[in-house]
Amino acid sequence: MPELPEVETVCRGLRPLVGARITAAAAHRADLRAPLPRNLGKRLTGRAITGITRRAKYILVALDGGETLLLHLGMSGRMTLSHDNAPLQKHDHISLATDNGFFVRFNDPRRFGYCDLVATDKLSNHKLLRGLGIEPLSKDFTPDALAAILKNRNTSIKAALLDQKHVVGIGNIYACEALFRAGINPSRPAHKITRAEIAALAAAIRDVLRAAIKAGGSTLRDYVQADGELGYFQHNFAVYGRAGLPCPGCTCDVTKTGGIKRIAQNGRSSFYCATKQK
DNA sequence: CTTTCGTCCTGACTGC
DNA sequence: TGCAGTCAGGACGAAA
């Protein structure tokens, strides 16, 4: 479930490719969430990789010749980097080789992922990028900015945080974690969050994302590991996936409170501590 | 305009 | 052991 920190970590793990040239490339099926670009392998072969950056949950691989490879990991997408040209594995959909000795695979069992090859100067107009909201780790993400987003929004705070039109990069896990850190119940209407809570929430979002990136970065020192997989690491979640377990830092008796609560919101599970999140 | 809901997909897991 | 059912979730696009 790659959210902003995982995508950021994948980007950093792919950094050894910057400056390299693609010597071979191939797509192994015609579509993921959307059709793959036609002749993708041919169009990538021979191109130099000039930069790798992230926008929201998208990976942007800048190429010479004025094009950018736009990737999204969807729900189950993984990138692996290896020095061995191992046989294709199940669900390996795109593969690349570079002139500095790397073999890259995009693997995605559920095929919610996305890949497009677009003109770099038109990237910001791409239909999947143009509607995106503020980067939560940018200086633009202030309490004022978050207040403007939540004002007049007649949905739950949890749903508002997940909506990429407003703030990008937050998925189900970090929405739950940030709301826990800020002490806000996920069911609260977005427009009823107080000014003080908004400031706490903005800080909580930044902190939880930064901490996760830091945890991911620590796994990247040896970026070509046994399996070469990038961007997934041990998480310590306070509430996510912990229904019925004690809330960290809570002194309540779990046998009385039932521990972390789990509810469904917009078809997704939300986890929270009813004692700490009001 | 805003908001919700259905859809895509496979693998892990549960219960019979 | 097998099989059906459920759940997980990012984001688009349709519907309300």
Side-chain angles (χ1 to χ4, degrees), chain A residues 1-11 27-36 54-60 70-80 88-94 105-116 118 125-136 147-179 186-193 205 209 212 227 229 231-232 235 237 239-244 260-272:
Chain A
M1 48 211 93
E3 304 182 24
L4 185 153
E6 291 78 20
V7 178
E8 179 65 31
T9 305
V10 170
C11 286
H28 308 296
R29 60 173 299 119
D31 54 64
L32 296 175
R33 192 174 88 212
L36 293 171
R54 179 191 59 75
R55 168 72 173 121
K57 298 174 192 169
Y58 291 88
I59 300 167
L60 280 54
L70 178 61
L71 297 169
H72 194 291
L73 300 174
M75 167 53 197
S76 57
R78 288 150 196 269
M79 303 289 295
T80 58
L88 281 185
Q89 304 217 341
K90 197 175 184 184
H91 309 306
D92 276 348
H93 304 312
I94 299 169
R105 299 278 169 81
F106 180 101
N107 182 288
D108 183 10
R110 292 182 208 175
R111 308 209 301 267
F112 283 17
Y114 180 84
C115 172
D116 201 2
V118 299
N125 287 327
H126 190 278
K127 65 172 184 167
L128 297 185
L129 298 184
R130 69 180 166 221
L132 292 172
I134 301 180
E135 285 287 337
I149 286 165
L150 300 181
K151 191 182 173 190
N152 299 329
R153 193 118 284 135
N154 194 26
T155 187
S156 70
I157 183 62
K158 165 88 182 307
L161 292 182
L162 289 178
D163 191 335
Q164 306 292 303
K165 289 195 301 288
H166 310 313
V167 184
V168 301
I170 303 171
N172 202 42
I173 294 172
Y174 294 106
C176 292
E177 295 295 309
L179 288 167
S187 299
R188 291 263 302 282
H191 68 273
K192 287 191 177 171
I193 308 298
I205 289 167
L209 295 177
D227 60 359
E229 183 173 314
Y232 294 83
H235 295 276
F237 299 131
V239 289
Y240 184 81
R242 291 175 49 82
I260 302 293
K261 297 277 184 293
R262 170 182 166 170
I263 59 170
Q265 287 183 282
N266 306 90
R268 305 269 158 79
S269 288
S270 294
F271 299 88
Y272 68 102

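Naming convention: chains lettered A, B, ... in sequence-line order (proteins, then strands); numbering from 1 in each chain.
At its two ends the helix from B:dT2-C:dA16 to B:dC16-C:dG2 runs along axes set 50° apart, each axis drawn from five pairs and the angle rounded to 10°.
Closest contact between the side chain of A:H91 and the listed nucleotides B:dG11, C:dG10, C:dC12 involves B:dG11. Picking from B:dT4, B:dG11, B:dT3 the nucleotide with the shortest atom distance to the side chain of A:R153 gives B:dT3. Nearest nucleotide to the side chain of A:R111, out of B:dT4, C:dA11, B:dT10: B:dT10.
Qualifying side chain to side chain contact (heavy atoms under 4.5 Å, CB included) partners for A:R188, counting only residues two or more places apart in sequence or in other chains: A:I157, A:I184, A:N185, A:I193, A:E197.
For the residue pair A:N107 / A:K90, no side-chain donor-acceptor distance below 3.5 Å is found, with atom types taken as modelled.
The backbone N or O of A:G133 sits nowhere less than 3.5 Å from a side-chain atom of A:Q164 that would complete a donor-acceptor pair.
Distance check: A:M75 CE to A:D108 CG gives 9.5 Å after rounding to the nearest 0.5 Å.
Here the side chains of A:R268 and A:S270 are not in contact, with every heavy-atom distance at 4.5 Å or above.
A:F237 and A:Y174 have perpendicular rings, their planes meeting at more than 60° on a 0 to 90° scale where under 30° would count as parallel.
Between the CG atom of A:L132 and the P atom of C:dG10 there is a distance of 14 Å, given to the nearest Å. When rounded to the nearest whole Å, the span between NE2 of A:H93 and C1' of B:dC8 equals 13 Å.
For the pair A:R55 and A:E135, the salt-bridge criterion is met [side-chain N within less than 4.0 Å of a carboxylate O]. Taking 4.0 Å as the cut-off between side-chain N and carboxylate O, A:D31 and A:R29 count as a salt-bridged pair.
Stacking is not found between A:F112 and the pyrimidine-like six-membered ring of the C:dA11 base under the 5.5 Å centre-distance and 30° plane-angle cut-offs.
Contact of A:R268 with C:dG10 (side chain to base): a donor-acceptor pair of N or O atoms is detected under 3.5 Å.
Of the residues in residues 158-166 of chain A, not one comes within less than 4.0 Å of DNA chain B through any heavy atom.
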